[in-house]
Amino acid sequence: MNFLLEPLNLVTFFPLLGVLVLLFIKSEAKNTIRWVALGTALVNFGISLWALSMFNSSNPDLQLASQYSWIQVAGWNIQYYLAVDGLSILLVLLTTFLTPIAILSTWTAIEDRVKDFMVFFLMLEVGMLGVFLAQDLFLFYIFWEFTLIPMYFLIGIWGGPNRLYAAVKFFLYTMAGSILMLLAILWLGVNQGTFSVPELVLKGGIPADVQLWLFIAFAAAFAIKVPMWPLHSWLPDAHVEAPTAGSVILAGVLLKMGTYGFLRFNLQLFPEAAVKAAPTIAVLAVIGILYGAAVSYSQKDVKKLVAYSSVSHLGFVMLGMFALNAQGIEGAILQMINHGLSTGALFLMVGMIYEQTHTREIAVYGGLWKITPIYGSLMLIVALSSMGLPGLNGFVGEFTILLGAFGSKAFGTPIYAILSAIGVILAAIYILYMFQKMFLGPVGKIVEEVKHHGHELRDLNAREIITLLPLLVFIFWIGLYPAPFFNLIAPAVDKLLIPFRAILGG
Amino acid sequence: MENTQLFFNFVPWIVFFPVLGLLLNLTIGKKLSENGIGAIAVLASASAFVVAVLQAYSLSIHPEGASILVAEWIHVGDLAIDWTFRVDTLSVTMMLVVSGVGTLIHIYAIGYMHEDVRFHNDEGRFKRFFVFLNLFIAMMMVLVSGDSYMMLFVGWEGVGLCSFLLIGFWYDFDTLGRPSFANSNAAKKAFITNRIGDFGFLLAAFMMFWQFKSTNFDNVFAVVANAEPWVILWITIFILVGVAGKSAQIPLYIWLPDAMAGPTPVSALIHAATMVTAGVYLVTRSAPIFMLSHDAQYIVATVGALTAIFAATIAVGQYDIKKVLAYSTISQLGFMVAAVGMGAFAAGMFHLITHAFFKALLFLSAGSVILGMERGHHHLAHHGHHGGKHDEEVFDPGDMRNMGGLRKQMPVTFWLYMVGTVALAGLFPFAGFWSKDEILADAFLEFPHVYWILTGAAFLTAFYMGRQVWMVFFGKPRHEVAAHAEESPLIMTAPLMVLAALSVFGGALNLPGVHTLTVWLEHTIDIHPGEFNMQVALISTALALFAIFLSWLLYMRKPLTTGQPDPLKRILGFAFTGMENKWFVDEAYKFVFIDRYTDLAKFFAQTVDWDFWHEWFHNSVIAAGFVGLTKFLANPIDLGIVDNISKILARSIQYSSENFRKVQNGFVRSYALSVMLGVVAIIGYLLIK
Amino acid sequence: MIPVNYYLTLSVVLFSMGALGVLIRRNSLVVFMSIELMLNAGNLAFVTFAKMHAANLAAVHNGQIFVFFVMTVAAAEVAVGLALIVLIFRKKQSIDLDQLTHLKG
Amino acid sequence: MTQIDFYTIMPISVLVLCASLLLLLEAFYPKGKQKQIAFFAAFGFALTLGLSISQLGNSYSGFGGMVVLDGFSNFLNILFLITGLLGVALASGYLQRMNINKGEYYVLMMFSVAGMMLMSQATDLIITFLALELLSIPLYVLAAFALNRTESEEAGIKYFLLGSYATGFIVFGIALIFGATATTSFAGIVAAIAQPATNLTLLLVGGGLVLVGFGFKVATVPFHMWTPDVYQGAPTSVTAFMAAGAKAAGFSALLRIFATLFPSFAADLMPILAVLSALTMIVGNITAIAQTDIKRMLGYSSIAQAGYILMAFVPFGDPAIRATAVAAGLFYLVAYTITSFGSWGVVIGLEREEGKGLDINDYAGLGKKYPWLALAMTVFMFSLAGLPPTLGLVGKFYLFRAIMEGKLYWLALIGVITSLISAYYYLRVIVIMYFKNGDPIINKDNLLYMSIALCVVITVVLSFMPSFLFSWASNAMLTMF
């Protein structure tokens, strides 16, 4: 019982309680199922806040640890080890925060096999939280692979017309990367004698050439997940086919697993290799930023546009992270959260209109701001957040990232930051293009079409507004007063930077 | 500079009041009448003005100013950016201008929008306008009162957003009220062009941080003198890119003419009086940096000067009343930028202020003219004189060729417009004269080439304004609508009168010998009053008068008539036969200069600027090129090559799978053969080893 | 006395004949006989080696006992194998192995 | 026969005795009551299992060192007996449905299991050979047990001919070993290797031939070609039993022989084993992709899985890691056995007469109609692909770790890449079950479903607490080295 009462265990496994309850509810009682799932997710958010209240933000180390020896044979020491520090606390909160929102968004969108959906969704939450909390490589790997499974089903069962292709592609791409990571994990376990991340960090001393190989192996897994250019080809498929809630979680949290992995493992475990790889990563990140933005612009499907924009946004995160200075990394972490909030909100909103019109083709829309003013206004705010308007969350992240990259000693040149800053212009182009073609201009033909089917295109209802409101609060909060968030991150990042300061000087 | 004396602590309210106003309108605006909404907005803006006045008062006692910390913003590593308001003579000057002119325009807009929403058949949008307008005031205040480059940048982008929202206010129409993407295109264009400028700004900020470890004004200026020349040069160039975007300088000015798609109060407030001058403010603010590099000053001054003359040439060829003013604004911004570029900060700021007065006046009066025309159009359509005809053809109330003789229909507006025109043309003793002359005097000493270019621009300014006035208000109505145009109500004309007064007496702010403004700004920037240069003053005045004379010559002596795009020729030809040498000179002038120049202006306006630069280059080369490139990237590369690698991989696995299958042919013999081969291989390997 | 190597060579030859016989014959009976040939080649090698290690009594026993086991097991295999072949013959009227290719791929 | 001798072979003896009694009983048993025969067979297995468990921790060596009972053999014996029990559970309903319900089935199975047990206990090549035949000959018959189906006969004759062919190689190999060392006992051979006079080449070639023979039994490439045909043609319950039990037995012999006899030749043999393992993983997994018959697909999958297990034996020459490496192999063997049994169980659940219900597309809609069965199949597929939360993941983790310790990075890389390929066809089953619409029919067979459930529970639960199984496996190895 004590085990379960430890905050991190509780927050990780509480959704399973919801799953258990769901199993005893008849599939026909759809609303009961929805409420139970939502309740579970909300309570879990509460639990994560409780954990936050116990988190000491001035302490750079892992905290609230729940550490038990788990598999201990033949000198192999695998632990059950959950703990949280400044690098992961925000991501944990993001996960517990987005899950109820995503569930709320399915209220009317998912009518088929609701129970299964909710079961998978809550299981997905368990997996994601585990990924962010696990401090033992083996445990991490298990959670990492585990997240694949519910997402695979979410796409495969509730997805769009091309869902099979998308689900399998998603699964195989991700697995292809993670399987290389498994090798690297094993190498570490074999040669360093432990799977515990903090112990490995303390121990260090991996020869530089080996570090590079290990770095690449880990990076393969994470780069696909992020996804970094040119490994992003699964993303648009997965996003376009996934149900709205799936896209929200996919963009909001699952992609962060990749960037988080870079942060937690590649940077912490292989500092020398990270320094060596930084320019290469920066090149890829910059290409991703520009490419993603360019490709987004020419999309005809609004969901695809948002999906490609993720490539661009996550490029910023990678760029900041490998700037290997405080601004870059803290900005990257914050940008992970920002992307979760704004892209999550974008997907939610695309889903809301899709539910009514059943089309995502940008060209058929137009003038929506006139017809659905609340929807239009909220979309505008979210779009501006996504393109990094100062005063909203996106800017704080992007700015610190670019600032960090500009003066990065790891890059040695500001050219990456300069090129990436062009991405900020391109972001304005595609976001405004989307906003203009859908919300401005004369009223599009879809309005007539919907009318033709006997409906009236309606503005957001109360539930939808409630779904979006929490996101908007954070969009403004982080944009105007990000200090509480930076304060959570900063000590851990300072600690993370110690080896890099030693290598790079300063 | 922590100073909490007197009213300094109130300074954040300069932002909070407008925000409060917009929040009030957002929440309870639905229940209020138009006047109620307008009152809230005006009150919010006026309160900001009061705060600004209080700051000015405090400053007059404590000229060193204050920095008021509200909250910390981005603190990462050694980067520390706060929400800190800066009160010094420069920022308060801007606050006063923005909130003062802003409040007047708010009042005007109540009247203007009341009619505008009715012309567009969407009365629900009234509230939205004032929400945006208040938001703009708030953002502009953030811009001018920020204590660091980054807080300034918040306002910088924020006003860009407001500009976007307000240009695209009638987002579902074009300027003539037809359903179209045209207005929203203009809005988008403005935002994106501004973003290009912001790109430069950001890079400047990055560079400052990494060189000086801060983006705070005081911290940067404290150490900037130690920086290496190349650092200074690059920072200033990056800043210049930002300025070019926001203040519509070459080569980024192209958005501003389009921005006239917004309602006229917007054009007046944002695209003439305040937002577009943010670049001038930025350079002034960065004076300690710019003064360190002569090269930078040279570049900025030259860019400004070129913009001034280039825009002015274009303005001459325009027919739309607001377009002329728009190009004029660009040109005047060029003046300001040139001024601050060459270190004449006081002159630049002075011109900024006077320009805010008279250009706002001109725009609002132009708005009044357009509404007057609309009223006439409405009147005609209503009374069915030629109802059917007017319903079919699209009538452009902003086209000067449709106007003429309006001074009779709209006498108040006419006089107001005249004041603005004279001020802009720089005639003694109007505001524009003093400020423009100060710039020219400084240029004369610093950069002669700039001086000459600017003088040329000043000349053109007077010319195109003259042309406009003659075309709009004089002569006979060239369209029935113009004959039925109606004067605007008091709520619109009253603010204009205030502005007119300011345009007349604004020059008093910095009279030669007194230098009130310079002394005031000296507390903030290291400047010294310039000398009044009689020679320069005489030349410019003379040129302005000459230009007006020329315009009078061309457009007034024999006013245009309906349907005659170029009636001058006929008129001149008529005079040529009646007169001797004089007319010959006239014709020679016309042939050598005026026709050539009119052609040239047309060419610049239509072909170079519009068709080539605006339409072809931006739409075909840049826009189409970008679209083509993205399409190319999206289709063949993304779906083709990248995706195909995995597909090819998958296919080759599938293929080998099929081949492995074929080996498994069901024959026991082949199975045994496989075993045998394995045996041979293993034994062979063991033996050979 | 014939040298031990001759026996060994014979055994290898027999084994190879058996192994190749399986590869080239189609008649299941003949294939089966080839396999028996391989087993018996093994047996021959066993007794030869037993003879070779004549100095070591345990080895002699060992080798020869193995041969007996192999013979017994071979007999058991014959029982099963022939039964299967007969079954096949009953159904198909043929014991051609090349006709047994229903299972493949 | 001393007491020790008896203790050594007690479980085998009991099983053989039970089998013989059952044979008699069956002859006199009234027709149509065959279900009880299954019960008796299960009882025999359970009794032996009890005995084996009671012998845990004991160590005997009997019959002049020809047979031993140690931790290793005990571990495997228990696995074989569980295989037997599950085999009975799978078969009882299946045989009735397929109209091949004869008591001999269980008797043959019991003999075969006895052979497996003997195989793990043998420490003399004579016994190894005997055990191999005792294990194989009943399987030949079982493969052809469905006499009414041509496929079954074809499977029987193919398995028989090729099996005997492999036996020929083993016999000749043993002869060569004997020729080189003048003995067939493991201890004697180890002693002879140390002698300078010993002809090491002869010994090595003999060893190579033995490797071929057992490589055939465990179906490594290129000795694997019988597997898909036989797995497809044989009655599914037999296939399940073969895929699990016979494979495990083959590995136990390989392990015993190579780990005890040839550590000093590790340098020579390691490349061979590594290449075999790599080939097996590659060919098995790749060929499986193109399969549409579920039995055939699982057949290829089992070939591939053998490659993974074989991987664990590759570093057998390195004394520092071979214990953990081989323990990892044993662990994976258990994981594979359970999982594979489960998946074959699902196949049995859907198979109908005339070979219907065996196409992969017959599984369409299973997820909707029979969610629990689909869930079970999903768990097994995940386990085979090495995904959490299953024993397969833990097993692969151990395996790859062992290989990494042996510094065989290239092999590990092939291992993970082929795992990825394998995920493709395992996933296809899931795709079809969940994402495609169909109307699958399943048989009523409570015992079968209980067995499947048991396999699911073991697969999932053990993955969370694998320590005990792994420490058991490594202890078993420690007694051997």
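Just so we're clear, the structure is a prediction, and the values are computed from it rather than from any experiment. Throughout, protein chains are lettered first and strands after them, A, B, ... in sequence-line order, and every chain is numbered starting at 1.
- For the options A:A405, A:P373, A:G479, heavy-atom pairs under 4.5 Å to chain B are most numerous at A:G479.
- If you measure heavy-atom distances from A:F486 to chain B, the contacts under 4.5 Å come from the side chain alone.
- Looking at A:I329, there are no atoms closer than 4.5 Å to chain B (heavy atoms on both sides), in backbone or side chain.
- Ring geometry for A:F395 versus B:W73: interplanar angle under 30°, hence parallel rather than tilted (30 to 60°).
- The shortest non-hydrogen separation linking B:E72 to A:A483 is OE2-CB, 3.3 Å.
- Atom CD in A:Q436 sits 12.5 Å away from atom NZ in B:K189 (nearest 0.5 Å).
- Proximity to chain B is absent for every atom of A:A490, based on heavy atoms less than 4.5 angstrom apart.
- If you measure heavy-atom distances from B:L202 to chain A, the contacts under 4.5 Å come from the side chain alone.
- When heavy atoms are compared at a cutoff of 4.5 Å, A:D494 does not approach chain B at all.
- Here the closest heavy-atom approach between residue A:V424 and residue B:R195 is recorded as CG1-NH1, 2.8 Å.
- When each of B:G77, B:A71, B:S180 is checked for heavy-atom pairs under 4.5 Å with chain A, B:S180 comes out on top.
- No other option in A:T400, A:N325, A:I422 has as many heavy-atom pairs under 4.5 Å with chain B as A:I422.
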Where do A:L384 and B:F191 land on the side-chain contact (heavy atoms from CB on, under 4.5 Å) test, with the steps shown first? CA-CA 11 Å; A:L384 292 171; B:F191 207 162; 4.0 Å; yes
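- Contact annotation for B:R178: neither backbone nor side-chain heavy atoms come within less than 4.5 Å of a heavy atom of chain A.
- When the candidates A:G391, A:A326, A:G407 are compared by the number of heavy-atom contacts under 4.5 Å with chain B, A:G407 comes out ahead.
- Nearest heavy atom pair, residue A:W369 against residue B:R128, reads NE1-NH2, 3.5 Å.
- One distance of note links OG of B:S184 with CZ of A:F439; it measures 13.0 Å at 0.5 Å rounding.
- Heavy atoms closer than 4.5 Å to chain A are found in both the backbone and the side chain of B:M207.
- Stacking of A:K437 on the aromatic ring of B:F181 is recorded, both the 6.0 Å distance cut-off and the 45° axial limit being met.
- Looking at B:L161, only its side chain comes within 4.5 Å of chain A, counting heavy atoms on both sides.
- Using a 4.5 Å cut-off between heavy atoms, A:L402 contacts chain B through both its backbone and its side chain.
- Annotation: side chain of A:Q327 is in contact with side chain of B:D78 (closest heavy-atom distance under 4.5 Å).
- For B:N185, the parts lying under 4.5 angstrom from a heavy atom of chain A are both the backbone and the side chain.
- Between the CD1 atom in A:I429 and the CD1 atom in B:I192 there is a gap of 5.0 Å [rounded to 0.5 Å].
- No close placement of the B:F153 and A:F399 rings is indicated, their centers lying 6.0 Å or farther apart.
- Contact of B:W83 with chain A is made through the side chain alone, with heavy-atom distances under 4.5 Å.
- Within a 6.0 Å sphere centred on CH2 of B:W210, other residues, nucleotides and ligands contribute more than 12 heavy atoms.
- For the set B:F164, B:F209, B:W156, the entry with the most heavy-atom pairs within less than 4.5 Å of chain A is B:F209.
- Contact of A:L380 with chain B is made through the side chain alone, with heavy-atom distances under 4.5 Å.
- The minimum heavy-atom distance between B:F199 and A:I418, with the atom names listed, is CE1-O, 3.3 Å.
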Yes or no on side-chain contact (heavy atoms from CB on, under 4.5 Å) for B:D122 and A:K370, after CA distance, side-chain angles and deciding distance? CA-CA 10 Å; B:D122 190 353; A:K370 195 171 190 169; 3.9 Å; yes
